[in-house]
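Reading through the structure tokens given below for one structure.
We're numbering straight along the sequence, starting at 1.
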Amino acid sequence: MTFMIFVAITLILVFVMVYRKNTGDSVYKYIIKNATNLYDQYAPFSFKVVRDKVKDLGQEYTPRQYALQIALFAVGASVISYLYFYNLVISIFYAVCAVMIIPYLTYLRCKRLYSEFIFEQIQVYTTNTIMEFATTQSFVKALEGVYESGVLEEPVLSDVKMMIDLAYANGTINQSLEYMNSKYDFYIVKNMHQLFLQITNEGSKDAGASLENMSLDIDMLVENVYRDRIDRATFHKKFLQFGIILYLMVMLIQVLLGIETYVAMLDTWWVVLLLHGIILLNTYFLLSGEKYYNEDVGAE
């Protein structure tokens, strides 16, 4: 009890100090601003680029949504852990740990949204390049047409411009194709480039039919990808529900044993250790599922 009073007084003092130090803005805005500055200072450069693109796409969480997420994680973790240990100190510890997981989940979500955006841009790039080539009969001219059409966004737009510059600088399209293949490891990109290389170097009487078949392959791939995203989103919801149910299985144990018997068992160290292990195992299970859902987006 004395320790909990000390913790409560410490939190109140911190709140008062922050409020008095920052009278111009609300304490909430002050905390959010400083947390953002700290993140920008130490976050990996690549992830900064990814998150900036997510913001440009308008899919970044608002401060209100982040605050709601923090509250949900903190309350959920504290309630679940209290049902396990009936100890307020342990509940606070798990609440803090749950909030600390949020940046990792944000990282996974942004990577997924960025990967989906890149795939959509690659679809636009390949489809429009094929259509432009049907008119110009020149791969470089086709690239220029796609670049100037305004259908592409960064970073694919700059990469197409680099392909054009490399083609004019070297007099061939070989370096341009190698550059794009190394940047975007999609088989539709490599297959299309290989076909254009063959047409450019060797010529092809049935180039129109080959390009039309490739366009159909791209359309089929895109349809499968979007269908896969819908299925994965549905499975993801069920997965989260199952994960939460696993946490709450301790309530079933308490019903079977009785609350008094269960609380008495908490005086045994190995029982407490086993309960911590169950929470950690369930958490690892959920995080592994989140990692799979957000990283393996099934583009190809």
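- Shown here are the side chain to side chain contact (heavy atoms under 4.5 Å, CB included) partners of L286, two or more places apart in sequence or in another chain: F239, L240, Y247.
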Stepwise side-chain contact (heavy atoms from CB on, under 4.5 Å) test for V263 and Y86: CA-CA 8 Å; V263 172; Y86 291 96; 4.2 Å; yes
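- Side chain of D228 to main chain of N224: no donor-acceptor pair is present (N/O by atom type, distance under 3.5 Å, no hydrogens or angles).
- Between the side chain of T268 and the backbone N or O of W270, no donor-acceptor pair lies under 3.5 Å.
- Other members of the hydrophobic cluster containing L252, listed by chain and number, are M249, L256; membership follows side-chain contacts under 4.5 Å among ILVMFWY residues, whether direct or relayed.
- The side chain to side chain donor-acceptor pair (under 3.5 Å) test applied to E223 returns R227, not counting sequence neighbours.
- For K161, the side chain to side chain donor-acceptor pair (under 3.5 Å) criterion is met by D165, not counting sequence neighbours.
- In terms of modelled atom types and a separation under 3.5 Å, the side chain of Q65 and the main chain of T62 share a donor-acceptor contact.
- Not counting sequence neighbours, Y82 has no partner by the side chain to side chain donor-acceptor pair (under 3.5 Å) test.
- Remark: the backbone N or O of L83 is paired with a side-chain donor or acceptor of Q254 at under 3.5 angstrom.
- Side chain of S158 to main chain of E154: no donor-acceptor pair is present (N/O by atom type, distance under 3.5 Å, no hydrogens or angles).
- Residues satisfying the side chain to side chain donor-acceptor pair (under 3.5 Å) test with Y104, not counting sequence neighbours, are none.
- No more than 12 heavy atoms of other residues, nucleotides or ligands shown are found within 6.0 angstrom of CZ on F93.
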